[in-house]
Amino acid sequence: MQPHLNTTMIRTYLFIVLSILLGACSNGQNNTSLTATAFSEKIKQSNQAIIVDVRTPGEYAEGHIANAHNIDYNGADFDKQIAALDTSKEYMVYCLSGGRSSSAANKMRKAGFTKVYELQGGMMKWRAAKLPEVSTTPQINTSGLTKQQFEQLLNTNKIVLVDFYADWCAPCRKIKPYIEEIAKEMKDKVEVITINADDNKALLDQLQIDELPTLQIYRNKKATWTNIGLTTKEEIVKALNK
């Protein structure tokens, strides 16, 4: 019995050790989506990391992370530019809210890149964390609506549905038809306001809107409902009818 017991114990011990080692390895490889603070710290700690901004050249010019290289994910030559990079190096990838960078990072991994890290929530989260950025234009266009002007739009007896969106945001484009239908079908009691995030950076910062799409319902100038991300027309109407 003794040899059998020792063998069983040894096997159990080896299994536990192997599981821990594999788990640690797996966590290290899969932990590739970083918060703004963690993303910033990793950039500071890694002198070899290459920062890639996959937004449009216009977005990049208005404000980007220092030393970032602009490779537009929706550009015609994105695949060609990525193919020219060294797959063994470390890459820090980001966009405005995380959608494009996630797609870009996945495409890079499939192409053989082994060290690709994404910025959770993109530049919206980076800016919300008050982290530094640089601009290649003389002046960042952060005009758009002021908070006072926004509050004036809420001055109505109707329920107000606010849609914070961006033209490049895929979920925003999916929600757009719902918003337009609601604006027509419920016009007697609902006022619909659409706000382009790219044209109203200062306002979004003041309202602490750092993810897209964001929908909000206001009653008597007070926010009573908020939805972040993709949703259905039914859910929006249900919230409006509460």
Side-chain angles (χ1 to χ4, degrees), residues 33 35-36 54-56 58-59 72-75 78 94-107 118-128 141-242:
S33 183
T35 64
V54 298
R55 299 175 299 162
T56 64
E59 291 176 278
D72 184 357
Y73 178 69
N74 291 317
F78 176 80
Y94 72 92
C95 62
L96 183 61
S97 66
R100 285 172 289 179
S101 59
S102 178
S103 298
N106 287 335
K107 183 174 285 191
E118 306 163 41
L119 171 57
Q120 290 177 12
M123 284 299 288
M124 294 185 76
K125 290 293 187 182
W126 183 273
R127 288 165 177 159
N141 179 19
T142 56
S143 53
L145 288 172
T146 65
K147 190 175 181 181
Q148 183 178 10
Q149 290 171 328
F150 173 75
E151 290 173 346
Q152 288 175 350
L153 293 176
L154 304 178
N155 189 21
T156 174
N157 292 326
K158 293 183 180 181
I159 301 169
V160 180
L161 172 63
V162 185
D163 175 21
F164 297 94
Y165 76 99
D167 292 330
W168 47 261
C169 168
C172 298
R173 292 197 297 270
K174 289 183 179 180
I175 289 176
K176 184 178 179 181
Y178 311 156
I179 303 300
E180 293 175 345
E181 289 170 7
I182 289 171
K184 292 179 181 178
E185 297 167 0
M186 304 182 72
K187 61 182 180 180
D188 291 339
K189 70 172 186 177
V190 176
E191 186 75 31
V192 174
I193 300 171
T194 57
I195 296 179
N196 189 316
D198 291 328
D199 297 334
N200 293 276
K201 295 183 179 68
L203 176 63
L204 266 69
D205 184 53
Q206 288 178 305
L207 297 176
Q208 297 183 334
I209 304 294
D210 55 17
E211 294 184 57
L212 297 177
T214 290
L215 300 176
Q216 289 189 326
I217 292 175
Y218 284 81
R219 289 179 170 86
N220 299 319
K221 299 184 181 180
K222 292 184 179 180
T224 59
W225 180 83
T226 298
N227 181 87
I228 297 172
L230 192 60
T231 188
T232 64
K233 178 182 176 181
E234 290 72 22
E235 286 298 319
I236 301 171
V237 171
K238 181 181 177 181
L240 288 167
N241 286 328
K242 281 185 177 179

Rounded to the nearest 0.5 Å, what's the gap from CD on Gln120 to OG on Ser101? Could you check?
-> 10.0 Å
The reported gap from CE in Met123 to OG in Ser97 (rounded to nearest 0.5 angstrom) is 12.0 Å
Excluding sequence neighbours, so at least two apart, what forms ring-ring contact (aromatic ring centres under 6.0 Å, His included) with Tyr165?
-> none
Is any side-chain heavy atom of Lys201 closer than 4.5 Å to a side-chain heavy atom of Arg127?
-> yes
Got a sec, which pairs hit side chain to side chain donor-acceptor pair (under 3.5 Å) with one end in residues 147-156, sequence neighbours left out?
-> Thr146-Gln149
Answer whether the closest heavy-atom distance between the side chains of Pro213 and Cys169 falls below 4.5 Å.
-> yes
ring-ring contact (aromatic ring centres under 6.0 Å, His included) with Tyr73: which residues, sequence neighbours excluded?
-> Phe78
Where the side chain of Asp72 meets the backbone of Asn74, is there a donor-acceptor pair that is under 3.5 Å apart?
-> yes
Judged by modelled atom types alone, do Lys189 and Asn241 share a side-chain donor-acceptor pair under 3.5 Å?
-> yes
Any donor-acceptor pair under 3.5 Å linking the side chain of Asp199 with the backbone of Gly144?
-> no
Residue among Val190, Ile182, Asp163 satisfying side-chain contact (heavy atoms from CB on, under 4.5 Å) with Ile236 = Ile182
Under 3.5 Å, is there a donor-acceptor pair linking the side chains of Tyr218 and Gln216?
-> yes
Whether Thr214 side chain and Glu211 backbone form a donor-acceptor pair below 3.5 Å | yes
CZ of Phe164 to CE of Met124, rounded to nearest 0.5 Å, is 9.5 Å
Kindly compute the distance separating SG (Cys172) from NZ (Lys176), expressed to the nearest 0.5 Å.
-> 10.5 Å
Can you name the residues that form a side-chain hydrogen bond (donor to acceptor under 3.5 Å, both in side chains) with Arg219, not counting sequence neighbours?
-> Thr224
Not counting sequence neighbours, which residues clear side-chain hydrogen bond (donor to acceptor under 3.5 Å, both in side chains) with Glu191? List them please.
-> none
Test item: Val192 and Val160 side chains (from C-beta on) under 4.5 Å apart, heavy atoms = no
State, yes or no, whether a side-chain contact exists between Phe150 and Asn200 at a heavy-atom distance under 4.5 Å.
-> no
Could you tell me whether the side chain of Asn106 and the main chain of Ser102 form a donor-acceptor pair under 3.5 Å?
-> yes
Interatomic spacing from CG in Leu145 to CD in Gln206 - rounded to 0.5 Å = 10.5 Å
Under 6.0 Å from the six-membered ring centre of Trp168 and within 45° of its axis: does the NZ or CZ of Arg100 meet both?
-> yes
Do Tyr94 and Glu118 come within less than 4.5 Å of each other through their side chains, counting heavy atoms only?
-> no
Would you list the atom pairs, donor with acceptor, under 3.5 Å between side chains in residues 227-234 and any protein atom, with sequence neighbours excluded?
{"residue": "Asn227", "atom": "ND2", "partner": "Gly229", "partner atom": "O", "Å": "2.9"}
{"residue": "Thr232", "atom": "OG1", "partner": "Glu235", "partner atom": "N", "Å": "3.1"}
{"residue": "Lys233", "atom": "NZ", "partner": "Glu181", "partner atom": "OE1", "Å": "2.9"}
{"residue": "Lys233", "atom": "NZ", "partner": "Glu185", "partner atom": "OE1", "Å": "3.0"}
{"residue": "Lys233", "atom": "NZ", "partner": "Glu185", "partner atom": "OE2", "Å": "3.2"}

Leu204 and side-chain contact (heavy atoms from CB on, under 4.5 Å): which partner among Asp198, Ile195, Asn196, Asp210?
-> Ile195
